[in-house]
Trainee: 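My structure is below; once you've seen it, I'll send some questions.
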Amino acid sequence: MRAATRPIPLSQPYVDEREEELVLEVLRSGRLSLGPTIDSFEERFAESVGAPYAAAVSSGTAGLHLLAHAAGLRPGDEAITSPYSFVASANCVIYEGATPVFADVDPRTLNLDPAAVEAAITERTRAIVAVDIFGYPCELGPLQELCRRHGLVLIQDACEALGAEYRGQRVGAHGVSAVFAFYPNKQITTGEGGIVTTHSEEEWRLLRSLRNQGRADSGGWLDHARLGYNYRIDDVRAALGLAQLEKLPRILELRTAAAARYTELLAGIDGVETPLADDDEHRRSWFVYVVALAPGIDRERVIAELERAGIGTARYLPSIHLQSYMRERYGFREGLCPVAEDLSVRTLALPFFTAIEPEDQERVVEVLASAV
Ligand SMILES: Cc1ncc(COP(=O)(O)O)c(C=O)c1O
């Protein structure tokens with residue numbers, strides 16, 4: 001196939017012989033689950049983000065659910081969260097019977113606007129689920145302060161933000177319980193998988209019990225102290241995760257360079273707004289590269305032209321409150337979060353992954369520029 005027509009996928013994992021080697025070791029060890037590779041993965045992960053404890057789970061969604069459960073959410077409670085996110089950050093509170101309340105996002109950061117969060121607090125509010133969307137760290141400081149003042153639990157959905165930094169520390173290091181995810185489009189992957197980092201030993205023990213059918217600390221296999229779930233990760237995936245963690249510094253470096261290349265290529269192209277740059281307090285970990293098209297540009301036509309050229313794209317992200325099940329269950333309508341709703345119809349993810357080739361990025365920008 002000629003280079004000019006080679007398809008460019010939206011994303012691609014970054015794995016090599018090291019992953020094969022560690023996975024094979026686990027397969028040959030006979031300990032495929034509840035084994036020592038999980039402990040090693042958790043220890044290394046916690047260390048890499050600067051959190052004292054980490055509990056690996058079967059997905060990011062499972063981790064968010066466990067934190068919503070640990071927060072003691074129940075029917076009648078409200079949890080404030082972002083409408084401009086992946087649905088799991090809102091679903092996790094619904095699993096516990098609580099009601100999601102959507103506060104609008106800041107048009108610059110695309111993350112929850114702390115002023116909008118404060119305005120949404122009622123006497124029923126129990127928690128805030130803050131998302132680091134597209135790897136850009138959320139306003140942790142102001143949100144932590146709001147939670148202190150109003151007695152709320154803060155849950156950080158850092159599923160897209162491994163390696164991001166807020167006020168000079170990695171996401172995960174700020175004392176807030178955070179969830180990271182490892183689906184293959186993420187910075188590192190375990191196939192499916194996730195992890196919860198916490199600064200509380202008590203919460204860590206609870207998470208380990210909840211993910212494992214509520215098993216008691218006694219270690220008895222059929223001794224169940226509480227209602228739990230099977231949200232376990234297995235040692236095969238943990239081995240993948242360990243190999244990926246070894247590469248994390250390189251992965252972050254390559255992704256930063258790829259993002260900088262897009263930003264440079266897109267400079268001066270009318271009608272395409274590039275992602276917000278870092279500042280003193282926020283350092284993004286590049287998860288995806290999402291541009292905003294100027295109002296008036298027909299996004300569907302742009303997507304069609306990219307697809308015709310074999311270039312993968314995605315409409316990141318639709319507003320959660322306008323999903324059909326949300327409208328039906330809670331009566332949410334257009335106009336609830338105007339900033340998120342406006343972004344949702346204008347934003348577009350370009351192909352982005354650790355080993356993306358510079359020539360492919362050039363071709364993406366060429367086709368995009370001619371489409372707009
Ligand atoms: C912001 C956000 N939250 C939660 C999740 C859920 O993670 P998972 O797909 O591992 O359940 C994802 C990943 O897809 C995500 O991007």
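Source: prediction; values computed, not measured. Both counts, for ligands and for their atoms, begin at 1 and track the order of listing.
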Trainee: Exactly one of E201, R208, E202 should register a side-chain contact (heavy atoms from CB on, under 4.5 Å) with R205. Which one does?
Mentor: E201
Trainee: Atoms of ligand 1 less than 4.0 Å from L64 heavy atoms?
Mentor: 4 (C)
Trainee: With heavy atoms under 4.0 Å as the rule, classify the contact between V131 and ligand 1 as side chain, backbone, both or neither.
Mentor: side chain
Trainee: Could you tell me whether R327 and E334 have a side-chain N and a carboxylate O separated by less than 4.0 Å?
Mentor: yes
Trainee: Could you tell me whether S89 and ligand 1 have an N or O pair separated by under 3.5 Å?
Mentor: no
Trainee: Can you find an N or O of G60 that's nearer than 3.5 Å to an N or O of ligand 1?
Mentor: yes
Trainee: Show which atoms of ligand 1 fall inside a sub-4.0 Å distance from at least one heavy-atom site of S59.
Mentor: 10 (O), 11 (O)
Trainee: Are any of the N or O atoms of E160 closer than 3.5 Å to those of ligand 1?
Mentor: yes
Trainee: Number the atoms of ligand 1 from 1 as they appear, then name those within less than 4.0 Å of a heavy atom of C159, with their elements.
Mentor: 2 (C), 3 (N), 4 (C), 5 (C), 12 (C), 15 (C)
Trainee: If I compare all heavy atoms of R250 with all of Y14, which pair ends up nearest, and what's the gap?
Mentor: CG-OH, 4.3 Å
Trainee: Would S85 count as being in polar contact with ligand 1, using the rule that some N or O on each side must be under 3.5 angstrom apart?
Mentor: no
Trainee: Looking only at protein heavy atoms, identify the closest one to atom 12 (C) of ligand 1 and say how far it is in Å.
Mentor: F86 CD2, 3.6 Å
Trainee: Hey, which of F134, Y136, Y316 is the one that makes ring-ring contact (aromatic ring centres under 6.0 Å, His included) with Y84?
Mentor: F134
Trainee: Please determine if R148 and E145 form a salt bridge, counting it only when a charged side-chain N lies under 4.0 Å from a carboxylate O.
Mentor: yes
Trainee: Which protein heavy atom lies closest to atom 3 (N) of ligand 1, and at what distance to 0.1 Å?
Mentor: D157 OD2, 2.7 Å
Trainee: Going by distance only, is there an N or O of E192 that falls short of 3.5 Å from an N or O of ligand 1?
Mentor: no
Trainee: Do the side chains of D77 and R74 get close enough for a salt bridge, i.e. N-O under 4.0 angstrom?
Mentor: no
Trainee: At a 4.0 Å threshold, what atoms of ligand 1 neighbour a non-hydrogen atom of T61?
Mentor: 6 (C), 7 (O), 8 (P), 11 (O)
